[in-house]
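Sequential numbering from 1 along the given sequence is applied to the chain's residues. Here the structure is a predicted model, which means the values were calculated and not measured.
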Amino acid sequence: MSDKADTSTSKALAIIEPDDPAGTAGPAEETREPRFTRETIGVIAGAAGVLAVCLIATALVANGKASPSGERTCLGPQMKVAVAPEAATVVGNILDDAGCSQIDVESAEADEVLRPMALDGDLPDVWIPDSSLWVDRIKPAVEPVTLRTSMASSPVVLVSGDGLTRTSYAEAFAEDDLLIGDPQRMMSALGTVVAGRAKPQTEAQLEPYADRIASGDEAAAPTDPARLAELQTVMSGVTATSEQQWSTYAPKLKAAAPKEGTVVLDYPVMITADSSRRNAIASTITSFARVLDSGAADKALTKAGFRTNGAGKPSPNVGAFTRADSAAVAKTASEWDARLRPTRALAVVDVSGSMAWPVPGGATTRLQLTQAAVSEAADVLPGGAAMGLWAFSEKTEGKLDGDHAVLVPTDQLASKSQRAQLTEEIAGLSERTGGGTALHETALAAYQDAVASYDPLASNTVLLFTDGTNDDPGSMDLTELVSQLKAASDPQRPVRVLGIGITADADLGALQAIADATGGAAYVAERPEDVESVVKEALGQR
């Protein structure tokens with residue numbers, strides 16, 4: 001298999017080059033397969049006027065070089081391009097050299113683009129991540145258009161710090177000091193988990209890495225440059241990183257492409273602007289495409305350590321390689337995303353008067369059992385998870401501000417003092433009991449809040465604890481609540497309500513209706529020992 005960048009053409013952009021029926025073209029450069037061809041007219045050129053501008057830009061911009069007259073050849077209005085950090089500088093330099101001062105390049109981690117892409121937020125006009133697999137992690141509000149399947153490529157390689165060459169993942173897994181990145185943030189780390197898939201011994205070896213990554217501690221999964229720096233410092237250890245990162249930061253270390261097959265970072269070029277914006281910046285996109293398709297761009301990318309169609313392989317490089325099965329790579333990426341996707345939970349606790357009652361056959365109160373379960377969840381959820389706390393009851397003026405109170409806003413547990421605040425407020429719930437159960441109004445308010453603060457890279461959940469039925473006389477009935485919940489739902493922001501009934505007195509029918517309206521589930525803990533297990537089940541902790 002070729003080790004050069006993929007050169008297949010997407011259906012995204014019309015670059016209409018004038019035909020030369022008379023055969024009068026001037027001296028040709030070396031034959032290169034163009035990245036952007038004339039077959040993709042419809043998406044960008046939405047109107048004749050826009051198409052005309054595209055044609056002019058195409059005629060003027062030749063391989064990113066200025067015209068002999070010195071006129072500006074990179075045409076069009078301002079445009080923003082977000083690029084994977086390791087490629088941002090070289091892409092910026094390529095555009096600067098071509099006179100494309102109207103194209104602003106910014107370095108962006110994948111999650112910085114994925115979040116607004118899922119939430120229909122403020123996006124760059126064009127995005128060049130390190131892998132086409134990133135978009136699979138979310139459901140985009142507007143599907144990006146692939147302008148180019150691969151600007152450049154870089155295979156993932158095994159790098160050793162002790163001077164010995166590891167040519168397989170089997171050898172890497174045999175090392176005590178194997179270093180792994182975070183597959184949710186670094187596609188270079190994905191090859192390691194692909195290699196460990198369905199192999200009990202290596203999967204067991206990956207367990208502690210998964211736990212550390214889920215902890216939310218930035219130091220748990222160092223970046224590629226940080227891992228390479230560690231290998232050079234201690235002169236031992238093995239890690240997987242891209243060929244580009246190895247050739248940039250540690251070319252004196254031994255590196256090899258794993259013989260089992262390797263993941264290849266493909267750097268797709270995607271238009272993330274909506275259709276209206278695409279038409280407005282069509283001429284700039286045309287100029288951008290032509291510059292990226294130039295021999296000068298190929299040379300610059302290769303010099304920066306990437307592989308390209310035109311200039312070939314960087315030096316140093318690991319030579320030829322075999323690609324890992326693309327279906328297996330995509331499946332593993334999906335599995336690890338589901339495994340490491342953090343929980344974002346809002347615990348909403350009933351503090352009505354009946355929650356102070358003892359449970360049957362014991363002296364422990366219903367609220368105390370709930371407090372223990374919520375405390376356990378706050379303790380066992382990893383730092384990468386987020387959690388908040390509300391309390392609710394009806395007619396408890398002075399104890400709550402209305403029917404419910406936001407005691408701890410939802411935030412990452414690894415954030416400073418978040419666990420401590422939760423611990424303090426959970427303990428203080430017993431001082432707030434009294435009044436009736438304002439279940440319906442609170443369920444809707446909590447759901448609306450969770451939808452508004454939705455995190456597309458997390459599993460978003462409302463944990464609704466109650467021991468009774470709604471007895472707020474001024475509130476909506478259950479039918480209206482279900483209608484309001486459905487109206488507040490957003491397919492782009494899926495939030496589940498998990499209803500947890502404390503003892504058999506809880507209104508399971510209402511909890512089930514609330515859960516069904518939000519794609520959640522309802523549980524009842526009839527015995528004291530059931531409460532914590534139900535919470536763990538609801539959060540997927542067992």
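Although no hydrogens or angles enter the test, the distance criterion places no donor-acceptor pair under 3.5 Å between the side chain of Ser131 and the main chain of Trp134. Side chain of Arg496 to backbone of Ser459: no donor-acceptor contact under 3.5 angstrom is found. In this structure, Thr286 contributes its side chain and Ala282 its backbone to a donor-acceptor pair below 3.5 Å. Of the possible donor and acceptor atoms, one in the side chain of Arg227 sits under 3.5 Å from a partner among the backbone N and O of Pro222. Side-chain atoms of Ser287 come within 3.5 Å of backbone N or O of Ser283 as a donor-acceptor pair. A distance-only check finds a donor-acceptor pair linking the side chain of Thr272 to the backbone of Pro124 [under 3.5 Å]. Proximity of a side-chain donor or acceptor of Asp298 to a complementary backbone N or O of Gly310 within less than 3.5 Å is detected. No side-chain donor-acceptor contact under 3.5 Å links Ser334 to the backbone of Ala330. In this structure, the side chain of Asp162 does not engage the main chain of Ser236 through any donor-acceptor pair within 3.5 Å. Side chain of Arg493 to backbone of Val451: a donor-acceptor contact under 3.5 angstrom is found.
Gln492 and Asp120 form no side-chain donor-acceptor contact under 3.5 Å, judged by distance and modelled atom types alone. Side chains of Gln244 and Tyr249: a donor-acceptor N/O pair is absent below 3.5 angstrom, by distance only. Side-chain contact check for Asp266 and Ser132: at least one donor-acceptor pair (N or O, by modelled atom type) lies under 3.5 Å.
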Would you please test Phe306 and Thr302 for side-chain contact (heavy atoms from CB on, under 4.5 Å) and show each step? CA-CA 5 Å; Phe306 298 96; Thr302 304; over 6 Å; no

What do the steps show when you test Gln245 against Glu86 for side-chain contact (heavy atoms from CB on, under 4.5 Å), and what is the final call? CA-CA 8 Å; Gln245 292 284 277; Glu86 67 274 18; 3.3 Å; yes

CA sep, side-chain torsions, deciding dist, call: Val159, Lys254, side-chain contact (heavy atoms from CB on, under 4.5 Å): CA-CA 6 Å; Val159 183; Lys254 295 290 186 179; over 6 Å; no

Are Leu413 and Leu422 close enough, and set up right, to give a side-chain contact (heavy atoms from CB on, under 4.5 Å), and what steps lead you there? CA-CA 9 Å; Leu413 290 169; Leu422 285 167; 3.6 Å; yes

Check the pair Asn317 / Glu243 against side-chain hydrogen bond (donor to acceptor under 3.5 Å, both in side chains), numbers first and verdict last. CA-CA 7 Å; Asn317 66 81; Glu243 179 185 69; 5.6 Å; no

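A 4.5 Å side-chain heavy-atom check between Met187 and Leu133 finds at least one atom pair inside the cut-off. Put simply, the side chain of Ser168 does not reach to within 4.5 Å of the side chain of Arg166, judged on heavy atoms. Using a 4.5 Å heavy-atom cutoff, the side chains of Arg115 and Asp455 are in contact. Residues Leu119 and Pro456 form a side-chain contact, since some pair of their non-hydrogen atoms from C-beta on lies under 4.5 Å apart. Looking only at side-chain heavy atoms (C-beta outward), Gln102 and Thr284 come within less than 4.5 Å of each other. Side-chain contact between Asp125 and Ile271: absent, with no pair of heavy atoms (C-beta onward) separated by less than 4.5 Å. You'll find the side chain of Tyr267 stays beyond 4.5 Å of the side chain of Leu301, heavy atoms only. By the 4.5 Å heavy-atom criterion applied to side chains, Leu178 and Ile180 are counted as neighbours.
Residues Ile285 and Arg278 come closest through the heavy atom pair CD1-O, 4.4 Å. Across all their heavy atoms, Gln418 and Pro409 have their closest contact at NE2-O, 3.1 Å. In plain terms, the two heavy atoms of Pro251 and Pro316 that are nearest each other are CB-CG, 3.8 Å. Taking each heavy atom of Ala255 and Thr165 in turn, the nearest pair found is O-CG2, 4.4 Å. Contact record, Pro382 with Arg419: C-NH2, 3.6 Å, taken as the closest heavy-atom pair. Nearest heavy atom pair, residue Val105 against residue Gly92, reads CG2-CA, 4.0 Å.
Summarising the geometry, atom CH2 belonging to Trp336 is positioned 9.0 Å from atom CG belonging to Asp182; distances are rounded to the nearest 0.5 Å. Phe288 contributes atom CZ, which lies 6.0 Å from atom CG of Leu95 (distance to the nearest 0.5 angstrom). Separation of atoms CG (Leu231) and OG (Ser160) is listed at 8.0 Å; rounding is to 0.5 Å. Annotation: the span from Leu265 atom CG to Leu190 atom CG amounts to 9.5 Å, rounded to 0.5 Å. In this structure, Met117 CE and Leu123 CG are separated by 5.5 Å, a value rounded to the nearest 0.5 Å. We find the CD-OG1 distance between Glu109 and Thr223 to be 9.0 Å, quoted to the nearest 0.5 Å.
Look at Lys331 and Glu335 and you find a salt bridge, because one of the NZ, NE, NH1 or NH2 atoms lies within 4.0 Å of a carboxylate O, short of that distance. The pair Asp104-Lys80 does not count as a salt bridge, with every side-chain nitrogen at least 4.0 angstrom from each carboxylate oxygen. Taking the charged nitrogens against the carboxylate oxygens, Arg185 and Glu112 have no contact shorter than 4.0 Å, which rules out a salt bridge.
Paired with Ser188 under the rule side-chain hydrogen bond (donor to acceptor under 3.5 Å, both in side chains), one option of Thr239, Thr241, Asp224 passes, and it is Asp224.
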